[in-house]
Amino acid sequence: MPAQAPAAVRPAYHPGQIEGDDRILHALNRFTFGPRPGDLETVRALGLDRWFDQQLHPAAIDQPELNARLAQYPAMQLSSDQLLYRMPSNAVIRQAIAGKVPVPEQGALHAVYENQMFRVAEKKQEKQNEEPATKSAQAPAMDATAAMTSKDAAAQLLDSLDADGKDARPTNAMAAASTPSETDPARLPAVLALPPQQRLARMAAMQPAEFDEFFKSLRGPQRAALISGLSPEMKETVGALENPQRTVAEELIAQRLTRDIYSNAQLQEVMTDFWFNHFNVYLRKNEAMPYYLVSYERDAIRPHALGKFEDLLEATAHSPAMLLYLDNAESIGPNSRAAERARMNVARNAGNAKKAEEGLNENYARELMELHTLGVNGGYTQADVIQVARILTGWTVDRPQRGGGFTFNPNRHEPGTKKALGKKFKENGEGEGRELLHFLATRPATARFVSRKLAIRFVSDDPPESLVNRMSKSYLSSGGDIAAVLKTMFHSPEFWSTAVYRAKVKTPLEYVVSAARASNADITNLRPLANALREMGMPLYGAIPPTGYKWEASDWMSTEALVNRMNFALSLAANRLPGVSTSWSPKDSQPVATTPNPQSEESRLESILISGAVSDSTRSAVLEQFAAQNVNGQTAQMQPRAQPMPVSENRPPAPAAIEKQDQLLAGLLLGSPEFQRR
C-alpha cells in the first residue's frame with residue numbers, strides 16, 4: 001500500500017471581525033471621544049449592546065459631574081437677547097453711545113456698559129488721530145469722557161454689590177483725587193484681600209481707564225486671586241467688565257470642551273460635533289454671532305442630534321445663526337413688496353438714494369442642497385438654486401444686533417408659485433419653506449449623502465458601498481431617524497471589520513479631548529486646550545467656509561501637526577498646562593511588587609492610556625525617546641536629546657523622580673501612532 005502524502009496544513013481561520021475586548025475598545029473609540037480609565041471594564045460588565053442602546057437615549061443618563069462643571073457657566077443658559085444685554089457686543093455699545101439703546105442706570109451692569117463705551121470711544125479717537133489732519137478737522141473725535149456717565153451712577157454701582165450696602169467709593173471729586181489709585185502696588189494686595197462681594201464692588205466702581213490699567217497690571221497668580229471665592233455669576237461679571245464679547249466666546253468654547261471631556265452621554269456629544277460641522281456656522285461672521293451660537297448649538301443642534309433629521313434641518317433653517325451666516329436674513333424676493341418699494345425710492349431720488357435692499361441672496365439655498373441635504377451630486381441645477389432662494393425669501397432675523405429671533409417677513413417674500421427640483425410649491429408664505437425642507441429631508445439623495453458622511457465619520461475615510469446602501473435604506477424606512485441609521489451601522493459587519501480597526505486618524509479635537517479623557521485630567525481652565533486646538537488648525541467654531549472641517553486623515557497629518565500633537569501630549573502629561581492636572585501614580589490599592597523602572601511603568605501606563613496593545617516598534621520608540629530625554633529637569637519637547645535619568649544601583653529612585661519618569665512616558669504614549677488613531 002503506497003504511503004499517503006502528508007495532509008496539507010489548513011491556514012488558521014480569520015473571520016475578519018474584531019473580537020473580544022478589542023470590540024469594546026473599537027466602539028468606545030468610535031462612539032465616544034475616547035475611553036476614560038475604567039470604561040472598558042464598565043462596558044464589559046454592562047454588555048456592549050446594552051451600552052450602545054443607553055448612548056442612544058442620553059436623557060436617561062445621569063450626569064452629576066458634568067452638571068456641576070457646567071454650573072460654572074450660567075450665562076450659557078441665557079437666550080441670545082438676554083446674553084447681549086448682560087454682556088453687550090460692540091454693536092450694542094455703539095447703539096448705546098448713539099442713544100438707541102438704554103444704558104442700565106446702576107449696578108455692575110452699568111459699569112460693564114460704561115467700560116465698553118469708553119473703549120469704543122477711545123478706539124475711535126485713536127483711529128481718527130491716525131487720519132490726515134484735514135479729515136480729522138472735518139470729523140472731530142468724540143471725547144472719550146463723553147462716553148462715561150457721571151453724577152451718582154458710579155456710586156450706585158455699590159448698591160447691589162457691597163455686602164454692607166454702603167458706598168465704598170469716594171463721595172466727591174476731591175476725595176477721589178486724594179485716594180491712591182487701585183493700580184498703586186501698595187493698594188493691590190488690599191483689593192485682592194477684600195471679601196468676594198466687596199472685591200467685585202470695588203472693581204465695578206473704578207473708572208474705565210483706571211479699571212483697564214488695574215487689570216493690565218495683574219499677573220497670573222494675581223488674576224487667580226482676583227476671582228478666588230467669586231460665584232460663577234460674579235466671575236462672569238468680572239469677565240464682562242474686562243471684555244464682554246470675548247467672555248461669551250470663551251465660555252462657549254469652555255462649556256463645549258467640558259461636555260466633550262466629562263459627559264457620560266458621549267454619543268450625543270460626538271453627534272453634536274458631527275452635526276455642528278455638517279451645519280457649520282463661523283464664530284467670527286459678525287459681532288452678534290458668538291451670542292447666537294450659544295443658542296444654535298444648545299437649542300438647534302444638541303437636542304436633535306439623535307432624533308429625526310428633518311427636525312434638525314428645520315431647527316437649523318430657523319436659527320438666526322444660520323440665517324445670518326449664510327446671508328438669507330438679507331434675501332429679498334425680486335418681485336416682493338419690499339423690492340418694489342426700493343425701486344420706487346430709487347426712482348424718486350433719481351438713483352441717489354442709499355441702496356437699502358440687496359435683492360435675492362442664493363448662499364443659503366445653494367448650501368442647503370449641496371452641503372445639508374442632497375449633496376454636490378444630488379441632481380439640482382442653478383435654476384433650482386434660484387427657485388429655492390425665492391422660496392426662502394422672508395426668512396429673516398428680528399433685530400439681529402439685539403439678539404432677536406427668527407421672523408418671517410411677508411413683505412420680503414417672493415410671491416407666486418415656484419418650481420424647484422421638479423416640484424411645484426404654491427404660494428404659502430413661510431409654509432413654502434417648510435414644505436421645501438420636508439421635501440429635501442425625504443429625498444433618496446439626502447439619505448445617501450447623510451449616510452455616507454456618517455460612515456466616513458464612524459467607519460473609514462472610504463466607506464464600503466454596501467454599508468452606505470444599508471444605512472440609506474434605514475434612513476428612508478425610518479423617516480430619517482438618526483438613531484435608527486446609527487443602529488444599522490452598529491450592527492453591520494463592515495463596522496466590525498478588522499480592516500477598519502484603528503484605521504481612522506483623530507482630528508485635533510478628537511485628539512485633544514481623548515488625551516484629556518485618557519489621562520483622567522481634572523480641568524479647571526479650558527483655555528490651554530482651546531489654544532492647542534488653534535495651534536493644530538482646528539479652533540472650535542473656527543471653520544470659515546460652510547463646508548466645516550474635514551474628517552479625512554489627509555487634512556490632519558503633516559510633520560508640523562505631529563510635532564504639535566507630541567508637544568501638547570508632553571505638556572499635558574507633565575502638568576505644564578495651567579489649570580489642567582494629571583496624576584500618573586498607581587492607586588494605593590494597586591500592589592507594587594518591584595521598584596518602578598521605565599520598562600515596567602511603560603507597560604502599566606500603556607494599559608491605562610491605550611488599553612489595546614501597542615506595536616513592538618512603538619514600545620521600543622517610546623523607551624528609546626525616554627532615554628534621550630532629561631527627566632531630572634523639566635519635561636523637554638521632542639527636539640532636544642539628553643542623558644537618561646541617573647538611578648543609583650543601591651537605592652530606588654525618589655517618588656518625585658518616578659513621577660517625572662511617568663510623566664514623560666505618559667506623554668510619549670499619548671503621542672504614539674496607536675493613540676492618534678481611533
Verify the neighbour count for atom [atom1] of [X]: are there more than 12 heavy atoms of other residues, nucleotides or ligands below 6.0 Å?
{"X": "R527", "atom1": "CZ", "result": "no"}
{"X": "R50", "atom1": "CZ", "result": "no"}
{"X": "K308", "atom1": "NZ", "result": "yes"}
{"X": "R284", "atom1": "CZ", "result": "no"}
{"X": "K550", "atom1": "NZ", "result": "no"}
{"X": "K423", "atom1": "NZ", "result": "yes"}
{"X": "K285", "atom1": "NZ", "result": "yes"}

Short side-chain donor-acceptor distance under 3.5 Å, [Y] and [X]:
{"X": "Q266", "Y": "Q55", "result": "no"}
{"X": "H438", "Y": "E310", "result": "yes"}
{"X": "Q63", "Y": "S263", "result": "yes"}
{"X": "Q255", "Y": "R259", "result": "yes"}
{"X": "Q82", "Y": "S79", "result": "yes"}
{"X": "E414", "Y": "N335", "result": "yes"}
{"X": "R448", "Y": "N469", "result": "yes"}
{"X": "H413", "Y": "E427", "result": "no"}

Heavy-atom closest contact ([X] atom, [Y] atom, distance):
{"X": "V397", "Y": "G404", "answer": "CG1-O, 3.4 Å"}
{"X": "L509", "Y": "M538", "answer": "N-SD, 3.5 Å"}
{"X": "A249", "Y": "L283", "answer": "CB-CD2, 4.4 Å"}
{"X": "S451", "Y": "Y475", "answer": "OG-CB, 4.4 Å"}
{"X": "N280", "Y": "P546", "answer": "CB-O, 3.6 Å"}

Are [X] and [Y] in a cation-pi setup, meaning NZ or CZ lies under 6.0 angstrom from the ring centre and within 45 degrees of the ring axis?
{"X": "R69", "Y": "Y262", "result": "yes"}
{"X": "K487", "Y": "F52", "result": "no"}
{"X": "R565", "Y": "Y511", "result": "yes"}

Charged N to carboxylate O under 4.0 angstrom, [X] versus [Y]?
{"X": "K418", "Y": "E435", "answer": "no"}
{"X": "D39", "Y": "R517", "answer": "yes"}
{"X": "E494", "Y": "R470", "answer": "yes"}
{"X": "R402", "Y": "D81", "answer": "no"}

Applying side chain to side chain contact (heavy atoms under 4.5 Å, CB included), run through Y296 and T316 and close with a yes or a no. CA-CA 7 Å; Y296 181 63; T316 58; 3.7 Å; yes
Atom [atom1] of [X] and atom [atom2] of [Y]: how far apart are they, to the nearest 0.5 Å?
{"X": "R412", "Y": "R337", "atom1": "CZ", "atom2": "CZ", "answer": "13.0 Å"}
{"X": "N428", "Y": "T417", "atom1": "CG", "atom2": "OG1", "answer": "10.5 Å"}
{"X": "N277", "Y": "T547", "atom1": "CG", "atom2": "OG1", "answer": "8.0 Å"}
{"X": "F33", "Y": "L267", "atom1": "CZ", "atom2": "CG", "answer": "10.0 Å"}

Do [X] and [Y] have side chains that get closer than 4.5 Å, going by heavy atoms?
{"X": "I18", "Y": "S497", "result": "no"}
{"X": "P400", "Y": "L324", "result": "yes"}
{"X": "V580", "Y": "L529", "result": "yes"}

What's the verdict on side chain to side chain contact (heavy atoms under 4.5 Å, CB included) for R678 and R502, showing C-alpha distance, side-chain angles and the deciding distance? CA-CA 5 Å; R678 296 169 43 240; R502 282 184 177 164; over 6 Å; no
Is a side-chain donor or acceptor of [X] paired with a backbone partner of [Y] at a separation under 3.5 angstrom?
{"X": "T373", "Y": "L368", "value": "yes"}
{"X": "S514", "Y": "G34", "value": "no"}
{"X": "H318", "Y": "E314", "value": "yes"}
{"X": "R452", "Y": "V468", "value": "no"}
{"X": "S331", "Y": "L360", "value": "no"}
{"X": "Q17", "Y": "P493", "value": "yes"}
{"X": "D481", "Y": "A484", "value": "yes"}
{"X": "K504", "Y": "I456", "value": "yes"}
{"X": "T393", "Y": "R390", "value": "yes"}
{"X": "Y325", "Y": "M289", "value": "no"}

Side chain to side chain contact (heavy atoms under 4.5 Å, CB included) evaluation trace for N328 with N363: CA-CA 7 Å; N328 202 83; N363 289 354; over 6 Å; no
May I have the step-by-step check of side chain to side chain donor-acceptor pair (under 3.5 Å) for Q401 and Q95, ending in yes or no? CA-CA 9 Å; Q401 291 187 339; Q95 290 181 342; 2.8 Å; yes
Partner set under salt bridge (Lys or Arg N to Asp or Glu O under 4.0 Å) for D62, not counting sequence neighbours: none
Check: [X] ring centre within less than 6.0 Å of [Y] ring centre:
{"X": "H304", "Y": "W275", "value": "no"}
{"X": "H26", "Y": "F495", "value": "yes"}
{"X": "F276", "Y": "Y541", "value": "yes"}
{"X": "F490", "Y": "W496", "value": "yes"}

Can you tell me how the ring of F274 sits relative to the ring of F458, calling it parallel under 30°, perpendicular over 60° and tilted otherwise?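 Plane angle between 30° and 60°, so tilted.
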Parallel, tilted or perpendicular for F31 and W51, by the 30°/60° rule?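 Ring orientation, 0 to 90° scale: tilted.
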Could you go through residues 378-385 and list every donor-acceptor pair under 3.5 Å that involves a side-chain atom there, pairing it with any protein atom two or more places apart or in another chain?
from : atom 1 : to   : atom 2 : distance (Å)
Y380 : OH     : E370 : OE1    : 3.4
T381 : OG1    : A383 : N      : 3.3
T381 : OG1    : D384 : N      : 3.3
T381 : OG1    : D384 : OD2    : 3.2
Q382 : OE1    : R366 : NH2    : 3.1
Q382 : NE2    : E362 : OE1    : 3.0
D384 : OD1    : L421 : N      : 2.9
D384 : OD2    : T381 : N      : 2.9

For R677 and E510: C-alpha separation, side-chain torsions, deciding distance, then whether salt bridge (Lys or Arg N to Asp or Glu O under 4.0 Å) applies. CA-CA 10 Å; R677 292 182 173 273; E510 292 165 346; over 6 Å; no
